Colleague: 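The structure that follows is given in the form of structure tokens.
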Amino acid sequence: MRNLPAALERGRPVTIDFEGQSIATFEGEPVAVALFATGTRVLGRSPKYHRPRGLFCLDGHCGSCLLRVDGRPNVRSCMVPAREGLRCERQNAFPDAELDLLQAADWLFPKGMDHHRLMTGSRLGNELFVKLVRQMGGSGTLPDRPPSETPVVRNESVDVCVVGAGPAGLAAATAVAEARPGMRVVLIDEQDHTGGSLLAEPGGVELASARAAAAVRAGVRLWSCATAIAFYPEDGQDSVVADGPPGLLAVVTAQGLVRLAARRFLYATGSYDQNLPFPDNDRPGIISARACGRLVFRWGIRPAPRVIVVGDGTADTAFLARLYAGLDERGIAVQTVTLDQAQSGVGARGAVIAVATRPAPASELLRQHGAELRLDVAKGGFAPPVGPTFESTVAGVFAVGDVTGFRGTEIAYSDGRLAGVALAATL
Ligand code: FES
């Protein structure tokens, strides 16, 4: 399937161990992509009904690609770069994930199972049942060994912290650095490459690389493979940061945990791919439209000769037009199907199904700051209300791009610049 050009030069050939089988891949290619490219669709089983699971978002957010990696359970395999000798195994299955006997639970309880009430008529029966459920359920087993060292922790203070290096974050960080030369601006992103949604578009990696280079030239410090895991408003009261919101952002990096204080926070955290309700929509081989774009345009993987796009009319039409054109250019046929049609069943033999719908704002960190979020169906979920200054209801905390409601990459970029200028004016 790796018969398309990848956006970046592939790493050196390496071999990973997948349940005792040697899988040839390239250094740096995510494990989930490497397995997909060799035809492995089932990456695990769901904890309760043991339904098969495969990659969905290819962005580290759906949790559908969990594997045991080098003896550690529940690792998102789409976020693990392949390297020589890496060991990975599927979880939650007996005797194996392809032919899991425990999937009988799905067959025995077609209308769902309330495990809290099953077998409660008999004390002994209930005890036995609970033991059985504990063996069958859950996700993964304990790691091979406990961590040998305590992670390194360090404190850092900056003027501006931008989270998310998609189109909005890149534009905002660059605009702040250009408007306030010499200020300490850090741009944090959990992926190994900047770009966010751009990485799902033809030419997006190149565009993101150019914008990241411009950001660095302007003085932005870029932290890739760094995940902002939580904001703690009660911590850091002794922080030396003047006029900033109290609290610390916890950032996991390869070098350890950073407790980051900043005078201003700007969240350009983007949005999460969503699925649509149609029968068997959770099966492996059903992926988000952006995951399809990442496979094809970033990693050079042909997912199938035909892609069936299931949509409800709420996805970004400009993105879909670019996706279809890019697939067509690479000889991949596209068939579009409405949600109504999908609910009557899709004949997907030999095809991959890509789901195209409005994504949900990734607004958790804003909530942890105490910023007001409003549920808005048109925005895909809980989004912060922001005006022309892009400031949230918490002073010094800003939001821009898809996290404020789906915007698409072009508007996110132009809004990002405006947000950066507005934030810089407050410093
Ligand atoms: S988290 Fe890996 S595919 Fe979604």
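First listed ligand is number 1; within each ligand, the first listed atom is number 1. Everything numeric here is computed off the predicted structure, so don't read it as measured data.
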Colleague: Output yes if Cys57 passes the N/O/S-under-2.8 Å test against atom 2 (Fe) of ligand 1; output no otherwise.
Modeller: no

Colleague: Using a strict 4.0 Å cut-off to heavy atoms of Gly60, name the atoms of ligand 1 that fall inside it.
Modeller: 1 (S)

Colleague: Side chain of Ser77, backbone of Cys65: donor and acceptor closer than 3.5 Å?
Modeller: yes

Colleague: Any idea which of Met79, His61, Arg294 brings a heavy atom closest to atom 1 (S) of ligand 1?
Modeller: His61

Colleague: Do Phe56 and His61 have ring centroids that are under 6.0 Å from one another?
Modeller: no

Colleague: Starting from atom 3 (S) of ligand 1, locate the nearest protein heavy atom and write down its residue, its atom name and how far away it is, to 0.1 Å.
Modeller: Leu58 N, 3.2 Å

Colleague: Which of the numbered atoms in ligand 1 are below 4.0 angstrom from a heavy atom of Cys62?
Modeller: 1 (S), 3 (S), 4 (Fe)

Colleague: Provide the number and element of each atom of ligand 1 under 4.0 Å from a heavy atom of Cys78.
Modeller: 1 (S), 2 (Fe), 3 (S)

Colleague: Could you tell me, atom by atom, which parts of ligand 1 come under 4.0 Å of a heavy atom of Gly63?
Modeller: 1 (S), 4 (Fe)

Colleague: With heavy atoms of Phe56 as the reference, note each atom of ligand 1 found under 4.0 Å away.
Modeller: 3 (S)

Colleague: Give the atoms of ligand 1, by number and element, whose distance to some non-hydrogen atom of Cys65 is under 4.0 Å.
Modeller: 1 (S), 2 (Fe), 3 (S)

Colleague: Closer than 4.0 angstrom, basic N to acidic O: yes or no for Glu156 and Arg259?
Modeller: no

